[in-house]
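Heavy atoms only: backbone and side chains are in, while hydrogens, waters and symmetry mates are out. Throughout, residue positions are numbered sequentially from 1 according to the sequence presented. All values derive from a computational prediction rather than experimental measurement. When a ligand or atom number is given, it counts from 1 through the structure's own listing order.
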Amino acid sequence: MRIRSHSCISLLLLFSLFSSLQSPTQAAKKSYVVYLGRNSHGSESSSALDISKKTESYHELLGSCMKSKEKAKEAIFYSYSSYINGFAATLEDEEVDEISKRPEVASIFPNEESELHTTRSWEFLGLERNGKIPPDSIWVKARFGEDVIIGNLDTGVWPESESFSDEGMGPIPSKWKGYCDTNDRVKCNRKLIGARYFNKGFQASIGQPLDPSYNTARDTDGHGTHTLATAGGRFVSGANFLGSANGTAKGGSPNARVASYKVCWRGCNDADVLAAFDAAIQDGVDILSVSLGSRPRHYFGHGISMGSFHAVKNGILVVCSAGNSGGQGGRVSNVAPWILTVAASTIDRNFASNVILGNNRLFKGLSFNTNTLPARKYYPLVYSVDAKAANVSALSAQSCSPESLDPEKVKGKIVYCLHASVEMSWVVAQAGGVGVILADQLPQATISPQAHFLPTAHVSAADGLSILAYIYSTRHPVAYISGATEVGAVAAPIMASFSSSGPNAINPEILKPDITAPGVDILAAYTEASGPTSQSFDKRHLPFNIISGTSMSCPHVSGIAGLLKSLHPEWSPAAIKSAIMTTATTTSNVRQPIATDFLQESNPFDYGSGHIRPSRAMDPGLVYDLTTKDYLNFLCSIGYNATEMSAFADKPYNCPSKNSSLLDLNYPSITVPNLSGKVTLTRTLKNVGTPGLYTAHINAPEGITVKVEPMRLKFNKTNEEKSFKVTLRAEENASDFYAFGGLVWSDGVHNVRSPIVVKKKDAGSA
Ligand SMILES: *[C@@H]1O[C@H](CO)[C@@H](O)[C@H](O)[C@H]1NC(C)=O
Ligand SMILES: *[C@@H]1O[C@H](CO)[C@@H](O)[C@H](O)[C@H]1NC(C)=O
Ligand SMILES: *[C@@H]1O[C@H](CO)[C@@H](O)[C@H](O)[C@H]1NC(C)=O
Ligand SMILES: *[C@@H]1O[C@H](CO)[C@@H](O)[C@H](O)[C@H]1NC(C)=O
Ligand SMILES: *[C@@H]1O[C@H](CO)[C@@H](O)[C@H](O)[C@H]1NC(C)=O
Ligand SMILES: *[C@@H]1O[C@H](CO)[C@@H](O)[C@H](O)[C@H]1NC(C)=O
Ligand SMILES: *[C@@H]1O[C@H](CO)[C@@H](O)[C@H](O)[C@H]1NC(C)=O
């Protein structure tokens, strides 16, 4: 076979440096993923016999390096024998050197960590996905995702959640080969058809045996239950969170079968992520939802990139979160072109919680907890400083810190506190108060609703001062708190400030993220093993929680992809992805361009092709399709050598004698990061609708001339393919900042839209 040169060793040193930066205290023994070359069974799945033969051969291979097969058996903690050819093992530096010299070994890299994509987890920003969908919608047409199987790589599942009830569901599809790890009383059913855990990579990374309590597919964190229920949870009526967002909870594909792969413990290790991908492909999932990630990482050596490549190769669409490192461009993660990468934005809902004072003045606030006080009943209102306990300072009472209030002075009252945290409402609740007004301190702060322990109104700093003035203006200040979830009257989507944005730090020619979907204040099922705020004082056990993050937007897209898979089982992962991207919108419900949190206009680096429109995605007209070969040629073009290619291709891959331009990858968006003079790129459209004549409509980026040839494409039959060329030319006066435009192919019914993103090569880099 190939590769094996001394340069492998320097690669290893480089990788070790990375992993030691991540965990500086580790000893010489580290965990690695070892990739072998050729996979004899190609993309066919392995029989049990093959698998045991493979495992045996891994033992022998490593045994010969370690001079002991027994030692090797101990060192190997995963054999990826199903679809991915290799194993994960804990090795000393010398053993790494030794094994990397073996001809069978294509590559070896350390078992790094990814993290969950929830925004500042204790913070509860605020909105759920609105269930208003017209009767002719994709839900009905796709029979709610019936018989599609959605897998989720995350923190596990709370199997008892009503969102995973199998009431009224038919038998499990016969193609399913997965199973349920029943430790810790985890039970599957005809809805939750798989629940497995992968913790050996985690164990290897901490370098000591895990407590047996880790051997469970059960979710004690909440994240995995929430994401899985968002992708495929069933209809659960009367679902609410502390009275807020009362209604019917459901996932994108409510009738899909779901399978949980628990890979995240403290972090989510590459070795565990790869093992879960390998298992999920073998089990027979159709869609994989992966709400985790890291800094932007190259595809080679990155568990999510490599695992997802094998999944896509086997016809499984992989949907990943873009990350929660917004605020600075270039941080978007999971940027491989075979992944559908999802940003997060708001929906048209608000968790209003208003204060009405005795003088009838109303101040707008926000909270998830509002509805439990009788309507319009006034309560005495007291400033926390005037209700302080005898032995504490006014300063400590001002912000309602623990034990700072005198229960005698608080009982039956609404308490006004300065600052805002869930702990304050807990303190007031402990002291016997009935409600809380929290005044923000920072004049410009964006207020987010939180999971309070009492009816609470979180108001702005300015309104806080007015309320305080009222308290001192009258002898018997009174107030009530009145909350209602407001729907429809709110401009949306707005890009979430936490959502990671482009440009793509690995290959700027591929626009990332690809799409945006609801990820702010999403209500879904949760673990009942811990409280919704994850604070130590939070002893509540609630079946639902409202949380935010690209982790929450990702499973929305996974659920919708499940519907598309159910409607169009013959579509490739790239075709489903294209349908979702080319039908997205870049305007909000108030017909304005999608804005940022700061009410500036956002752009494709924030939202990719735009905001997802499920009902349109079911009939896109045309798609930009891609095959495994296209992705492999893409890897050739970015200069991947045989070592690196072996992690993706089943057998030694012969790169084309001439590199194809990255600009020509048949991606549903067009990005030219370095335009000097002019460039021509090619795209190919496939008709997945009725015959039709499509015309190109161009919205050229400022300073760029765009020419499309031909301007008309006639499709006579389904699956017919037609190519066209796009020539981009920088005008003399074009700026060297990124400029944004679009290309739409329209037959009058379908509008197949691609963003065009161009940066003229700056003089400095000419
Ligand atoms: C392949 O690329 C890696 C870097 O990812 C390098 O360390 C290795 O030496 C290369 N192999 C060959 C044969 O050039
Ligand atoms: C939720 O809505 C249902 C039906 O409209 C109602 O019966 C129930 O009381 C509501 N629950 C809360 C907490 O508002
Ligand atoms: C104040 O007194 C209460 C009860 O007497 C006690 O629980 C609390 O710890 C005291 N707080 C401080 C800051 O001393
Ligand atoms: C393709 O491009 C890569 C990266 O620029 C380069 O390393 C490689 O030699 C090229 N291959 C061919 C066949 O030109
Ligand atoms: C499609 O139909 C048009 C006329 O309707 C005809 O001119 C053209 O040759 C046909 N193209 C193909 C590929 O059949
Ligand atoms: C660049 O020049 C064109 C005319 O050649 C003009 O229409 C356009 O407004 C100019 N753009 C800028 C940014 O100055
Ligand atoms: C543009 O090209 C220059 C040099 O040719 C290079 O230094 C720079 O990194 C490139 N920028 C991008 C975004 O590709």
Side-chain angles (χ1 to χ4, degrees), residues 1-22 30 32-38 84-86 88 91 93-112 270-271 274 294-307 309-310 335-338 503-510 626 628-667 671-676 679-682 761 765-766:
M1 308 202 69
R2 55 257 135 80
I3 346 309
R4 237 53 341 85
S5 67
H6 6 279
S7 48
C8 279
I9 293 165
S10 57
L11 165 74
L12 286 168
L13 288 177
L14 186 64
F15 271 132
S16 319
L17 179 65
F18 276 150
S19 59
S20 61
L21 280 176
Q22 290 225 315
K30 294 198 197 76
Y32 295 86
V33 175
V34 180
Y35 237 90
L36 303 186
R38 188 186 207 104
I84 293 164
N85 189 24
L91 303 170
D93 290 351
E94 308 84 72
E95 291 160 351
V96 171
D97 286 354
E98 185 60 35
I99 187 138
S100 62
K101 289 189 200 129
R102 297 305 169 105
E104 306 91 314
V105 173
S107 56
I108 172 165
F109 38 83
N111 167 30
E112 280 194 44
D270 279 332
L274 259 185
S294 55
R295 67 191 153 78
R297 278 173 66 185
H298 231 287
Y299 323 122
F300 175 76
H302 179 214
I304 297 174
S305 295
M306 296 197 309
F309 187 96
H310 289 276
V335 295
W338 48 88
N504 176 337
I506 307 295
N507 290 116
E509 299 82 359
I510 308 297
L626 282 163
T628 304
K629 189 155 180 274
D630 295 317
Y631 296 129
L632 288 170
N633 290 345
F634 165 86
L635 294 175
C636 293
S637 295
I638 62 173
Y640 269 25
N641 63 27
T643 310
E644 295 162 320
M645 291 302 289
S646 68
F648 300 90
D650 294 327
K651 44 183 192 278
Y653 188 73
N654 292 318
C655 284
S657 57
K658 194 172 164 296
N659 275 334
S660 44
S661 161
L662 297 190
L663 303 180
D664 286 339
L665 184 74
N666 203 35
Y667 213 71
T671 306
V672 180
N674 239 343
L675 178 60
S676 66
V679 71
T680 297
L681 52 90
T682 308
K761 191 170 202 148
S765 65

Residue pair A647 / H310: nearest heavy atoms and the distance that separates them: O-NE2, 3.1 Å
If you scan protein heavy atoms around atom 13 (C) of ligand 4, the nearest is S657 O, 3.3 Å
If the cut-off is 4.0 Å to any non-hydrogen atom of [X], which atoms of ligand 4 fall inside it?
X: S637; result: 2 (O), 3 (C), 4 (C), 5 (O)
X: G639; result: 3 (C), 4 (C), 7 (O)
X: N659; result: 1 (C), 2 (O), 3 (C), 8 (C), 10 (C), 11 (N), 12 (C), 14 (O)

Side chain proximity check, Y640 to H298, heavy atoms < 4.5 angstrom: yes
Are the side chains of I99 and Y32 in contact, using a 4.5 Å heavy-atom criterion? no
Are side-chain N/O atoms of D630 and Y667 paired as donor and acceptor at under 3.5 Å? no
Checking contacts now, so for atom 9 (O) of ligand 4, which I'm interested in, is there any protein heavy atom under 4.0 Å? no
So, is K658 polar-close to ligand 4, with some N/O to N/O distance under 3.5 Å? no
Taking only non-hydrogen atoms of C655, do any sit less than 4.0 angstrom from ligand 4? no
Taking N659's backbone N and O only, do any of them form a donor-acceptor pair with S637's side chain (distance below 3.5 Å, no angle check)? no
Is the number of heavy atoms from other residues, nucleotides or ligands under 6.0 Å of N654 CG greater than 12? no
